Asker: 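If you scroll down you'll find the structure; I have some questions about it.
The basis for the numbers below is simple: all heavy atoms, side chains too, and nothing from hydrogens, waters or symmetry mates. Note that this is a predicted model, so its numbers are computed, not measured.
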Amino acid sequence: MIRRSRSRPLRRGLALAALGLLLFVVLSGCASTAGDEHAGHSDAGHAGHGLPDNIEVTASPDILPSFLDDYTETTRNFYSQVYAHKDLLKELNCYCGCMEYNDPHDSLFRCFIAGVDEDGVHWTDHGGSCGICLMELRDAVRMAGEGKTVDEIRAHIDSTYGGAAAATST
């Protein structure tokens, strides 16, 4: 007699629910959609959503901001890798629409860290709230771990996410 675990269907259901949520986040992205619904907003911060970036300063990159307590462990893990990959992330564009704000992000790095100075690391919640930012970060870190060059990673990010941004920001 074959015995099935009762937890297998539960795990499969949870995995499917997580995948569905991830797809929703990615497909919704950060960029505002076409139409008049955002016509009255400025482009500063998350203004397309009516929300400014939340900035929190920590003493070092090893201390993650407390706002991540409201996010998943996966998002916390992504944030924990940002500073270690700062040189790479500063070379990559973000395609969620944040590079076109009145106070634009200058790279994917800026989606997670607003700056570093004598006060510490100025973390922003922008990347944690944006599926496109998180997916770009995931791909960049994975590809760097595979030994890909900055040019190879940039080409992948541009070709994979560049079209998605153009489609949602027109």
Side-chain angles (χ1 to χ4, degrees), residues 17-35 37-58 61 63-116 121-145 150 153-170:
L19 179 61
L21 180 60
L22 180 62
L23 284 172
F24 172 77
V25 169
V26 169
L27 293 175
S28 64
C30 263
S32 61
T33 57
E37 67 181 350
H38 298 293
H41 296 294
S42 72
D43 289 330
H46 268 164
H49 303 284
L51 302 171
D53 289 355
N54 179 27
I55 304 291
E56 182 176 331
V57 180
T58 64
I63 303 170
L64 293 176
S66 64
F67 64 70
L68 287 175
D69 293 346
D70 296 331
Y71 290 89
T72 65
E73 188 63 30
T74 300
T75 300
R76 290 180 62 82
N77 288 335
F78 283 142
Y79 266 81
S80 71
Q81 299 175 62
V82 170
Y83 194 81
H85 292 89
K86 68 181 181 289
D87 293 334
L88 167 64
L89 299 177
K90 288 178 180 180
E91 296 293 323
L92 302 175
N93 289 328
C94 179
Y95 288 102
C96 77
C98 65
M99 294 184 84
E100 297 182 23
Y101 293 162
N102 286 337
D103 181 20
H105 293 177
D106 58 357
S107 67
L108 183 58
F109 178 76
R110 172 60 181 83
C111 296
F112 299 91
I113 296 178
V116 180
V121 179
H122 298 250
W123 300 93
T124 174
D125 68 342
H126 174 90
S129 303
C130 181
I132 291 176
C133 297
L134 289 170
M135 299 304 281
E136 286 188 38
L137 174 62
R138 179 206 61 192
D139 289 359
V141 169
R142 177 184 47 80
M143 292 177 76
V150 172
I153 297 169
R154 184 183 307 109
H156 169 77
I157 297 295
D158 292 349
S159 68
T160 302
Y161 300 98
T168 58
S169 64
T170 56

Asker: Please report the shortest heavy-atom distance between I113 and T124, naming the atom on each side.
Answerer: N-CG2, 3.8 Å
Asker: Check side-chain contact (heavy atoms from CB on, under 4.5 Å) between R142 and all other residues, then give those that pass, not counting sequence neighbours.
Answerer: D139, E146, H156
Asker: So is K90 actually on top of F109's ring, under 6.0 Å and inside 45° of the axis?
Answerer: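 Satisfied, under 6.0 Å and within 45°.
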Asker: Output all residues satisfying ring-ring contact (aromatic ring centres under 6.0 Å, His included) with F112, sequence neighbours left out; order by chain, then residue number.
Answerer: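 For F112 the ring-ring contact (aromatic ring centres under 6.0 Å, His included) partners, ignoring immediate neighbours, are Y79.
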Asker: Can you check whether E136 reaches L89 side chain to side chain, under 4.5 Å on heavy atoms?
Answerer: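 They are not in contact (no side-chain heavy atoms under 4.5 Å apart), so the answer is no.
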Asker: State, to 0.1 Å, how close I55 and A114 come at their nearest heavy-atom pair, and which atoms those are.
Answerer: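 Residues I55 and A114, closest heavy atoms: CD1-CB, 3.8 Å.
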Asker: Distance from T75 atom OG1 to L137 atom CG, nearest 0.5 Å?
Answerer: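 Those atoms lie 10.0 Å apart.
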Asker: Less than 4.5 Å apart, any side-chain heavy atom of N93 and any of D158?
Answerer: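 Contact flag for N93/D158 side chains = yes.
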Asker: Test of understanding: with side chain to side chain donor-acceptor pair (under 3.5 Å), list the residues that count as partners of Y83, not counting sequence neighbours.
Answerer: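 For Y83, no residue satisfies side chain to side chain donor-acceptor pair (under 3.5 Å) once neighbours in sequence are set aside.
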Asker: Would you say Y71 and S129 make side-chain contact, with heavy atoms under 4.5 Å?
Answerer: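 Contact flag for Y71/S129 side chains = yes.
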Asker: Okay, side chain of D125, backbone of N54: is any donor-acceptor separation there less than 3.5 Å?
Answerer: yes
Asker: Please check: side-chain N/O of E91 versus main-chain N/O of R154, any donor-acceptor pairing under 3.5 Å?
Answerer: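 Judged by distance alone, no pair lies under 3.5 Å.
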Asker: First locate atom NZ of K86, then atom OG of S107, and finally report the distance between them rounded to the nearest 0.5 Å.
Answerer: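 Answer for the NZ-OG pair, K86 versus S107, is 12.5 Å.
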Asker: Looking at side-chain heavy atoms only, is the closest gap between T160 and Y95 below 4.5 Å?
Answerer: no
Asker: Hey, does H126 have a side-chain heavy atom less than 4.5 Å from the side chain of C96?
Answerer: yes
Asker: So, for I153 and M143, which heavy atoms are closest and what is the spacing to 0.1 Å?
Answerer: CG1-CB, 3.6 Å
Asker: Mind listing the closest non-hydrogen atom pair of C133 and L108 along with its distance?
Answerer: O-CD1, 3.9 Å
Asker: Identify the two heavy atoms, one from P61 and one from L64, that lie closest to each other, and give their separation to 0.1 Å.
Answerer: O-CD2, 4.4 Å
Asker: Suppose we screen for side chain to side chain donor-acceptor pair (under 3.5 Å). Which residues come up paired with D69, at least two apart in sequence or across chains?
Answerer: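 Side chain to side chain donor-acceptor pair (under 3.5 Å) list for D69, sorted by chain: R76.
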Asker: Just to verify, what does Q81 make a side chain to side chain donor-acceptor pair (under 3.5 Å) with, not counting sequence neighbours?
Answerer: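 With neighbours one apart ignored, the set is empty.
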Asker: Tell me every residue that passes side chain to side chain donor-acceptor pair (under 3.5 Å) with T58, counting only those two or more places apart in sequence or in another chain.
Answerer: W123
